[in-house]
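Protein chains get the first letters and strands the later ones, always in sequence-line order, with residue 1 at the start of each.
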Amino acid sequence: MAAAYRSHVCGALRAADIGSRVKLSGWVQNWRDHGGVVFIDLRDRYGLTQVVFNPETAPEAHAGAHAIRSEFVLQVEGEVVARPAGTVNANMATGEIEVLVDRVKVLNKARTTPFMIDDISEIGENVRLQYRYLDLRRQPMQEAIIARHRVTKIVRDYLDDNAFLEIETPMLTKSTPEGARDYLVPSRTNPGSFFALPQSPQLFKQLLMVAGFDRYFQIVKCFRDEDLRADRQPEFTQIDMEFSFVERDDIITLVEGMIAAIFKEIKGFDSDLPFPRISYTEAIEKYGLDAPDIRFALPLVDLCGVFAGSEFKVFRSVLDSQGIIKGLNLKGGARLSRKEIDDLLAVVQIYGAKGLAWIKVNADGWQSPIVKFFAETEVAALGREMAAEVGDLLLFVADKAEITNESLGRLRLHLGEKMGLIDAAQISFCWVVDFPMFAWDEQEKRHVAIHHPFTAPLDEDLDKLQSEPLAVKAKAYDLVLNGVELGGGSIRIHDADTQAKVFQLLNIADEEAREKFGFLLDALSFGAPPHGGIAFGLDRMMMLLLGRQSIREVIAFPKTQKATCLLSGAPNTVSARQLRDLAIKKA
RNA sequence: GGGGGCGUAGUUAAGUUGGUUAUAACGCCGGCCUGUCACGCCGGAGGCCGCGAGUUCGAGUCUCGUCGCUCCCGCCA
């Protein structure tokens, strides 16, 4: 790091350097002016060093020191000395030494910053985002951005070691049906036509396989014009990979090694390989969600059998209209107050459940508003199925299958959190496999792809494509960490015939398929190798690695929830001239 | 599109059933201070209480609207 401006960085000097003459450059973290001696903590991204201005040893340097303020940029020169006995600071890596300054240069002054550059002040996010370049000076942000670099470096090294090529794909590309809303870019040279920013490099990476590149990866920006969340930004980064001549297990094995390397390097965590695999069906049955948090039990219990002959109106009508009844047994939950149970009702209502039935298993019997509607045999079967013991709280949802599963799945997570069932330090990966190919979209009255339209069906389900599309399973897999989807992928369709069939099922007309995806169908017809791949959300992975509450904490320049940039003011209006060039009229 | 939370000095917050001059801490400015490291001591400046209406003798406080930030539902192949 030695250069004109510095001989060392601010985190480097140790007792072994005592006696050396050094030059440091950095920002003023803090200054303590004693009238006589002046102390300044000089900061750069590597650390802090205390530099001392002493009027007796260096009167000229000391004379200017009184005017130095926070966040000034200084260059200092002097000798590394041992701190006097009793003044060593054990909290600082450089706490054994200080630099006795004899020459100082103010490289730049700084206005008073809108907030202090420390890691204790909790500043409102809007202020942080407006002055992001100052926020990024703070320790937690420096940590996050540096860790992010280390992760991408690990990924590049690991994939390079495994013969992957990093290949760029276009940012100005084609809008395609299905999926998220596109960000569009008008074409000046083709008035009235638009590029779309990629939602992912999906089609291009498949074309790279057709081209014979065999193993591709890219750390790449993707764009989706949908509403934001704590873990969703309109532009985000994927670790995107595609392989030829592989089956699912090849991909899973290679990727597990990569994930294990990342978590080892960043968190010192030794992964237990291979990661457990759960079928989609099991995930939904037991956890209610396709991204199960397996750090704690509290499984969903199917009670359709128990209540098959129920006279209880609510349960009867749900079962008669193809709905399901499931429950949770919260051990020790009987002590929850009526208000606390009402709060649980509010949780399931968010996800569309109309009610939440409950039973407190007390020593003197079952306390519940509904148990009087149950037959004795049902009560017995229920107690057995749910392994009810004194002190338990049994909770039920009866609704359409999707609503029952999702609302109880979310309630399970809520209870896991609230009741302290989750060990926050635990890291539990699992693969979710054997997803269905399609779901029925009630609003659009057509099938939609669960993963994406290029995902291959399981070989044994090929013949069901036409007859029973909803029963067809896909060669798709998601990697889930502590209930959060880290990434997902699939083996792709590599022949044009099957691909055309899938488009048909998705109700994409031949003509439209030709127009939108013709180039892919063409490519598949020229000897496409069997191939598949996976993509990971880098931002989300960083958020989990660093334990941050929001994806914005691991992105240097994130957008607000309304997808604006408080720092630059984007998006903004443009000149009439620019619009004219693009043949765009204001609405 | 819908539901919840927040908005008061530069920053973080307090502000009672509506009632005198809107508080505090940190930061900032000035002075003092030779071993501090969240330095200390003394003094000072700093406010469109997000914005706009309304209710009222009187609004930081109540009502409505609006803007911004945020969490969630929908949406996100």
Peer 1: Pick the C1' atom in G27(B) and in U11(B), then give their distance to the nearest Å.
Peer 2: 7 Å
Peer 1: For a quick check under 3.5 Å, do Glu553(A) and Gln549(A) share a side-chain donor-acceptor pair by atom type?
Peer 2: no
Peer 1: Could you tell me how far apart Arg128(A) (CZ) and G7(B) (P) are, to the nearest whole angstrom?
Peer 2: 19 Å
Peer 1: Roughly, in whole Å, what's the span from CZ in Phe115(A) to P in A9(B)?
Peer 2: 16 Å
Peer 1: Are Tyr477(A) and Asp434(A) linked by a side-chain donor-acceptor pair shorter than 3.5 Å?
Peer 2: no
Peer 1: Using a 4.0 Å heavy-atom cut-off, write out nucleotides 35-44 of chain B from 5' to 3' as B (base contacted by protein), S (sugar-phosphate only) or - (no contact).
Peer 2: BBB-B-----
Peer 1: Using a heavy-atom cut-off of under 4.0 Å over every strand shown, decide if Gln199(A) touches base, sugar-phosphate, or nothing.
Peer 2: nothing
Peer 1: Without decimals, in angstroms, what is the distance between Asp290(A) CG and C76(B) P?
Peer 2: 14 Å
Peer 1: Do Gln199(A) and Asp182(A) have side-chain N/O donor and acceptor atoms under 3.5 Å apart?
Peer 2: yes
Peer 1: Does Ile450(A) reach a base, just sugar-phosphate, or nothing at all? Heavy atoms under 4.0 Å.
Peer 2: sugar-phosphate
Peer 1: Specify the separation, in whole Å, of atom CZ of Arg410(A) and atom C1' of G74(B).
Peer 2: 13 Å
Peer 1: Heavy atom of residues 553-568 of chain A under 4.0 Å from RNA chain B: which residues?
Peer 2: Thr560(A), Gln561(A), Lys562(A), Thr564(A), Leu566(A)
Peer 1: If the P atom of G10(B) is compared with that of G3(B), how far apart are they to the nearest Å?
Peer 2: 34 Å
Peer 1: On a whole-Å scale, what distance lies between the P atoms belonging to C39(B) and C28(B)?
Peer 2: 10 Å
Peer 1: Between G74(B) atom P and Gln349(A) atom CD, what is the distance in whole Å?
Peer 2: 15 Å
Peer 1: Between the base of C75(B) and the side chain of Arg232(A), is there a donor and acceptor pair under 3.5 angstrom?
Peer 2: yes
Peer 1: Figure out the CG/C1' separation between Asp118(A) and A25(B), and round it to whole Å.
Peer 2: 14 Å
Peer 1: Base, sugar-phosphate, or nothing: which does Gly124(A) touch, judged by heavy atoms less than 4.0 Å apart?
Peer 2: sugar-phosphate
Peer 1: Could you check Leu408(A), Asn405(A), Leu328(A) and say which one makes a side chain to side chain contact (heavy atoms under 4.5 Å, CB included) with Val397(A)?
Peer 2: Leu408(A)
Peer 1: Using the P atom in both, what is the distance from G58(B) to U66(B), to the nearest Å?
Peer 2: 26 Å
Peer 1: Once you round it to whole Å, what is the distance between P of G74(B) and OH of Tyr351(A)?
Peer 2: 8 Å
Peer 1: Which nucleotide, in any strand shown, forms a Watson-Crick or G-U wobble pair with U34(B), with both distances under 3.5 Å?
Peer 2: none
Peer 1: Is there a donor and acceptor pair, one atom on the side chain of Arg229(A) and one on the base of G74(B), closer than 3.5 Å?
Peer 2: yes
Peer 1: Without placing hydrogens or testing angles, list every side-chain donor-acceptor pair under 3.5 Å for residues 496-511 of chain A, not counting sequence neighbours.
Peer 2:
| residue | atom | partner | partner atom | Å |
| --- | --- | --- | --- | --- |
| Thr498(A) | OG1 | Asp495(A) | OD1 | 2.8 |
| Thr498(A) | OG1 | Asp495(A) | OD2 | 2.8 |
| Gln499(A) | NE2 | Pro453(A) | O | 2.8 |

Peer 1: How would you label the contact of Thr455(A) with the nucleic acid (heavy atoms, under 4.0 Å): base, sugar-phosphate, or nothing?
Peer 2: nothing
Peer 1: Where the side chain of Glu226(A) is concerned, which of C69(B), C76(B), U11(B) is the nearest nucleotide?
Peer 2: C76(B)
Peer 1: Would you classify Pro453(A) as touching base, sugar-phosphate or nothing, given that sugar-phosphate means primed atoms plus P, OP1 and OP2, and contacts are heavy atoms under 4.0 Å?
Peer 2: base
Peer 1: Applying a 3.5 Å limit to both distances, which nucleotide forms a Watson-Crick or G-U wobble pair with G7(B)?
Peer 2: C67(B)
Peer 1: Ignoring hydrogens and angles, are the base of G7(B) and the side chain of Asn126(A) linked by a donor-acceptor pair under 3.5 Å?
Peer 2: no
Peer 1: If each of Phe454(A) and Arg552(A) is mapped to the nucleotide of RNA chain B with the nearest heavy atom, which maps nearer the 5' terminus, i.e. the 5' end?
Peer 2: Arg552(A)
Peer 1: Quote, to the nearest angstrom, the P distance that separates G7(B) from U16(B).
Peer 2: 13 Å
Peer 1: With P as the reference atom in both, quote the distance from C26(B) to U55(B) in angstrom, rounded to an integer.
Peer 2: 44 Å
Peer 1: Taking A9(B) as the reference, what is the distance to U23(B) when you measure between their P atoms (whole Å, please)?
Peer 2: 14 Å
Peer 1: Output the rounded distance in Å from CD (Glu406(A)) to P (C76(B)).
Peer 2: 13 Å
Peer 1: Rounded to whole angstrom, note down the P distance from A53(B) over to A59(B).
Peer 2: 13 Å
Peer 1: Is there a Watson-Crick or G-U wobble partner for C29(B) with both distances under 3.5 Å, and which nucleotide is it?
Peer 2: G43(B)
